[in-house]
Amino acid sequence: MVGIKIDGKVIAQTVKDRVKKAVIELKSQGITPCLATVLIGNDSASATYVKNKHKACEEVGIITKDHKLDSTITQIQLNEIIENLNKDGSVHGILVQLPLPEQLDEFTTTSRISPLKDVDGLTPHNVGLLSMKKAVLVACTPSGIMEMFDHHKINLEGKNIVLINRSNLVGKPLYHLLLEKNATVLTCHSKTKNLTELCKNADIIITAVGDRNKFTLTSEMIKEGAVIIDVAISRFQEKLVGDSNYEEIIQKASFATPVPGGVGPMTVAMLLKNTITAASLSTQIGR
Ligand code: GUN
């Protein structure tokens, strides 16, 4: 049995259509949603990601403020820029593109962002709310994956889910979101023993390693009818690839995401959604 493709481009478009309507509604209330991005250094992949985020904002009527900073910027200078964006009433969402250059600390940086403008869901405040089932702004890739499950009506209750990632942006927020849906979640990482056995037992595998020299999820490692969400994107043998080969995995899976065109477009769509949420929050302050 060949499985069903979870098409990130199609599902992302449904999210964008909803965002477009919300933008019109906010504008009618005199609010023009605005996302400020901060890109530090010359990493070409990060520059492409930020460019795509700007383009998507434009498509739905969200305005953007673009801060491109030199790779040698100090933590103190960066803190000041974030502080100014926190205070700027015309900015609703703040996104500092990761990873950061070596001299900058990720926690120091992201935790400085106002929780109300934290469209990445990375501040301690928003991470805490997520762990207590009270999240308002959630990291974009995890919420995009949940949107994919919703779209295909994939029931998560009681399912054995193997997560192969434990990062703040992907694995940890996903753990909470999946647990809220009553799934049994196993968070795996580079030190996990018997990963193949754990995968073989999983109803759903969400993989985000991003290095084919270290890890490939093959069809021998999954059970018949499993759902495979491939979050990774990296260059391998001159091609953009995920952790699995979609054409191979879909022969055995019930659902799977391609790379590219799977999770990637969802991350961008959910950023737009979070920006709208942040703009709505700005109208509620003081009420
Ligand atoms: N780098 C890779 N993915 C992301 C993301 O979702 N947000 C930010 N800020 N940086 C990233």
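In each ligand, atom 1 is the first atom listed, and ligand 1 is the first ligand listed. Note that the structure is a prediction, hence the values are computed from the model and not measured. Numbering of residues begins at 1 and proceeds along the displayed sequence.
Rounding to the nearest 0.5 angstrom, the gap separating the CG atom in N79 from the CD1 atom in I73 is 9.0 Å.
We find that E80 and R112 are not joined by a salt bridge, their nearest charged nitrogen and carboxylate oxygen being 4.0 Å or further apart.
Of the listed residues (K53, H54, Q97), just one forms a side-chain hydrogen bond (donor to acceptor under 3.5 Å, both in side chains) with T37, and that residue is H54. Checking Q251, K252, E248 one by one against S219, the side-chain hydrogen bond (donor to acceptor under 3.5 Å, both in side chains) holds for a single residue, E248.
Listed by chain and number, L95, V96, Q97, L98, D120, L169 each place a non-hydrogen atom less than 4.0 angstrom from ligand 1.
Looking at every heavy atom in both residues, L104 comes nearest to T74 through CD2-C, 3.7 Å. Smallest separation of non-hydrogen atoms from V162 and C199: CG1-SG, 4.3 Å.
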